[in-house]
J.: 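Here it is, the structure, as structure tokens.
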Amino acid sequence: MRKTAIFLALMFAAGMAFADTYAFGNRVVSSGDSIGRLVEIAGKPDLVTPLENQYGAREGENWTYFRDGKTIVFTINTSGKILRITESR
């Protein structure tokens, strides 16, 4: 039983380590957060691009922010959760 608990704790910690995060000032947004939290911290996006599958069904959106010479893209699913965060210059 103890080995199982340790294994589950390590798996949980590893999952948290792989989460995408981005800091707006001293506040952090992570993958898995809701779009409400994102808007609360970062404000409204500068650009919203719909994501569609090969049949034209909506699969989510890319919310793009332009900050300090960087482009930060939050990929949002149809449930309103952040799936991925990418940053580029």
Side-chain angles (χ1 to χ4, degrees):
M1 179 69 182
R2 182 179 169 145
K3 288 182 181 179
T4 303
I6 292 172
F7 175 76
L8 290 175
L10 288 173
M11 292 301 292
F12 178 74
M16 294 301 289
F18 292 119
D20 293 328
T21 60
Y22 189 80
F24 289 93
N26 63 351
R27 302 197 59 196
V28 176
V29 178
S30 301
S31 58
D33 285 347
S34 69
I35 57 173
R37 178 166 169 76
L38 177 59
V39 170
E40 175 186 324
I41 292 173
K44 293 186 178 184
D46 298 315
L47 178 67
V48 176
T49 309
L51 299 174
E52 298 177 346
N53 67 13
Q54 62 188 14
Y55 304 106
R58 178 164 273 193
E59 290 188 329
E61 297 176 332
N62 277 339
W63 286 24
T64 305
Y65 292 84
F66 304 108
R67 301 283 193 274
D68 301 323
K70 299 177 189 173
T71 302
I72 307 102
V73 179
F74 294 86
T75 302
I76 313 293
N77 67 11
T78 56
S79 300
K81 299 287 182 185
I82 300 171
L83 294 177
R84 181 175 48 249
I85 303 169
T86 56
E87 175 185 349
S88 61
R89 288 202 177 258

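These figures come from a predicted structure and were not determined experimentally.
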J.: Using a side-chain heavy atom cutoff under 4.5 Å and only I, L, V, M, F, W and Y, what cluster partners does Leu51 have?
T.: none

J.: Kindly state each residue pair satisfying side-chain hydrogen bond (donor to acceptor under 3.5 Å, both in side chains) with at least one member in residues 67-76, sequence neighbours excluded.
T.: Asp46-Arg67, Asn62-Thr75, Lys70-Glu87

J.: I'd like to check the salt bridge (Lys or Arg N to Asp or Glu O under 4.0 Å) partners of Lys81; sequence neighbours left out, ordered by chain and number.
T.: none

J.: Apart from Leu38 itself, what residues make up its hydrophobic cluster when side-chain heavy atoms of I, L, V, M, F, W and Y under 4.5 Å apart count as a link, directly or indirectly?
T.: Tyr22, Phe24, Val29, Ile35, Val39, Ile41, Val48, Trp63, Tyr65, Ile72, Phe74, Ile76, Ile82, Ile85

J.: Taking the side chain as every heavy atom from C-beta outward, state whether Ser30 and Thr21 have any pair of such atoms under 4.5 Å apart.
T.: yes

J.: Report the residues that fulfil side chain to side chain donor-acceptor pair (under 3.5 Å) with Arg84, sequence neighbours left out, ordered by chain and then residue number.
T.: none

J.: With a cutoff of under 4.5 Å between side-chain heavy atoms, which Ile, Leu, Val, Met, Phe, Trp and Tyr residues group with Val73?
T.: none

J.: Which residues pass the side chain to side chain donor-acceptor pair (under 3.5 Å) test with Arg58, not counting sequence neighbours?
T.: Glu61

J.: If the condition is side-chain contact (heavy atoms from CB on, under 4.5 Å), which residues does Asn53 pass it with, not counting sequence neighbours?
T.: Tyr55, Ala57, Glu59

J.: Tell me which pairs pass salt bridge (charged side-chain N to carboxylate O under 4.0 Å, His left out) where either residue lies in residues 30-44, with sequence neighbours left out.
T.: Arg27-Glu40, Asp33-Arg37

